[in-house]
Amino acid sequence: MPKVGMEPIRRAALVKATITEIGRTGSLDVTVSKIAKRAGMSSALAHHYFGSKEQIFLAAMRHILTLYGAEVRGALAAADGHEERLRAVVRASFGTGSFRREVAGAWLNFYVLAQTQADARRLLSVYQRRLKSNLLHDLKPLIGERADVVALGVGAMIDGLYIREVLKGGTPDGAAAANLVWGHLRREMGVAA
């Protein structure tokens, strides 16, 4: 008889193990068996909870996106005014947690998977829409009708600079990347950077 209440604990362990294994290998070339072993369970149990390696990986990305969303919400709650809120979104997008090796590996593989896997593409679209929405909320009162195109550009800049920082070798400099985005945003708002 299965232990009551173990499913959420086991799912969480598999998600954590997935993130760790992808970070260790730098790719999706990990087996469910390796993930399950790291989580302390059988691969059959991992398949039972998620069905496939892709579904385990998507659960891992949902977890990473949930942590990112919480970081953004916390930063927004502490910000006062439109400019401070925009700066909070930018800083949260380059938070130190996003640059941990395993998280960066998951993000890079997520972009690749989204090219061919519909569920990954949908999840990436959700992330992109939320980022744009967060930016639009405070850009509209500051720059009006240009807000939509500026938010789109800033979102692309955030993603692009994140990838560059992760791939450049050495320690990523999230603060420098955030400052580049913030300088661009200030110029778009007509404020001297």
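We're numbering straight along the sequence, starting at 1.
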(message) Quick check against the 3.5 Å criterion: does K132 have a side-chain atom that pairs as donor or acceptor with the backbone of G155?
(response) no
(request) Measure the shortest side-chain to side-chain distance between D119 and Q55 over non-hydrogen atoms and say whether it is less than 4.5 angstrom. (result) yes
(message) Ring of F50, cation from R11 - is the NZ or CZ under 6.0 Å from the centre and inside 45° of the axis?
(response) yes
(message) If I take atom CE from residue M61 and atom CG from residue N109, how far apart are they, to the nearest 0.5 angstrom?
(response) 9.5 Å
(message) Rounded at 0.5 Å granularity, tell me how far CG in L14 sits from CZ in F57.
(response) 15.0 Å
(message) What I'd like to find out is whether the side chain of L131 reaches to under 4.5 Å of the side chain of V89, using heavy atoms alone.
(response) yes
(request) Verify the cluster assignment for V126 and L135: are they in a single hydrophobic cluster under the rule of side-chain heavy atoms below 4.5 Å apart? (result) no
(message) Ignoring hydrogens, what is the shortest heavy-atom contact between L124 and A114? Give both atom names and the distance.
(response) CD2-CB, 3.8 Å
(message) Tell me if the CZ atom of R164 is crowded by more than 12 foreign heavy atoms within 6.0 Å.
(response) no
(message) Using 30° and 60° as the class boundaries, would you call the ring planes of F110 and W107 parallel, tilted or perpendicular?
(response) perpendicular
(request) Using a strict cut-off of less than 4.0 Å between a Lys/Arg side-chain nitrogen and an Asp/Glu carboxylate oxygen, indicate whether R85 and D80 qualify as a salt bridge. (result) no
(request) Starting at CZ of R100, measure out to OG1 of T20 and round the result to the nearest 0.5 Å. (result) 8.0 Å
(request) Start with the C-alpha gap between K34 and E21, add the side-chain angles, then the distance that decides, and say whether salt bridge (charged side-chain N to carboxylate O under 4.0 Å, His left out) holds. (result) CA-CA 8 Å; K34 280 190 177 193; E21 282 297 314; 5.4 Å; no
(request) State, yes or no, whether a side-chain contact exists between E83 and D138 at a heavy-atom distance under 4.5 Å. (result) no
(request) For R91 and G174, indicate whether the former's side chain and the latter's backbone hold a donor-acceptor pair under 3.5 Å. (result) no
(message) Could you check whether any side-chain heavy atom of H184 comes within less than 4.5 Å of a side-chain heavy atom of R187, counting everything from C-beta outward?
(response) yes
(message) As an exercise, state the distance from OH of Y49 to CZ of R10, rounded to the nearest 0.5 Å.
(response) 4.0 Å
(request) Hey, could you give me the CG/CG distance between L139 and L86, rounded to the nearest 0.5 Å? (result) 4.5 Å
(message) Main chain of D173, side chain of E165: is a donor-acceptor contact present, judged purely on distance under 3.5 Å?
(response) yes
(request) Provide the closest heavy-atom pair for S93 versus S98 in the form atom of the first, atom of the second, distance. (result) O-OG, 4.3 Å
(message) Could you tell me if the side chain of H137 sits less than 4.5 Å from the side chain of L76, heavy atoms only?
(response) no
(request) Verify the distance criterion only: is there a donor paired with an acceptor across the side chains of R129 and S125 at less than 3.5 Å? (result) yes
(request) Taking all heavy atoms of S43 and all of S33, pick out the closest pair and write down the distance. (result) CB-CA, 3.9 Å
(request) Determine whether T18 and K53 make a side-chain contact, defined as any pair of heavy atoms from C-beta on separated by less than 4.5 Å. (result) no
(request) Taking the side chain as every heavy atom from C-beta outward, state whether V15 and I56 have any atom pair closer than 4.5 Å. (result) no
(message) Quick check on the hydrophobic clustering: are I158 and L152 connected, directly or via other members, by side-chain heavy-atom contacts under 4.5 Å?
(response) no
(request) Could you point out which residue of F99, F94, Y68 forms a ring-ring contact (aromatic ring centres under 6.0 Å, His included) with Y162? (result) F99
(request) Please check if V166 and L67 belong to a single hydrophobic cluster, counting links between Ile, Leu, Val, Met, Phe, Trp and Tyr side chain heavy atoms closer than 4.5 Å. (result) no
(message) Has R73 got a side-chain atom pairing as donor or acceptor with G69's backbone, closer than 3.5 angstrom?
(response) yes
(message) So I19 and H63, do their side chains get closer than 4.5 Å, heavy atoms only?
(response) yes
(message) Closer than 4.0 angstrom, basic N to acidic O: yes or no for E102 and R24?
(response) no
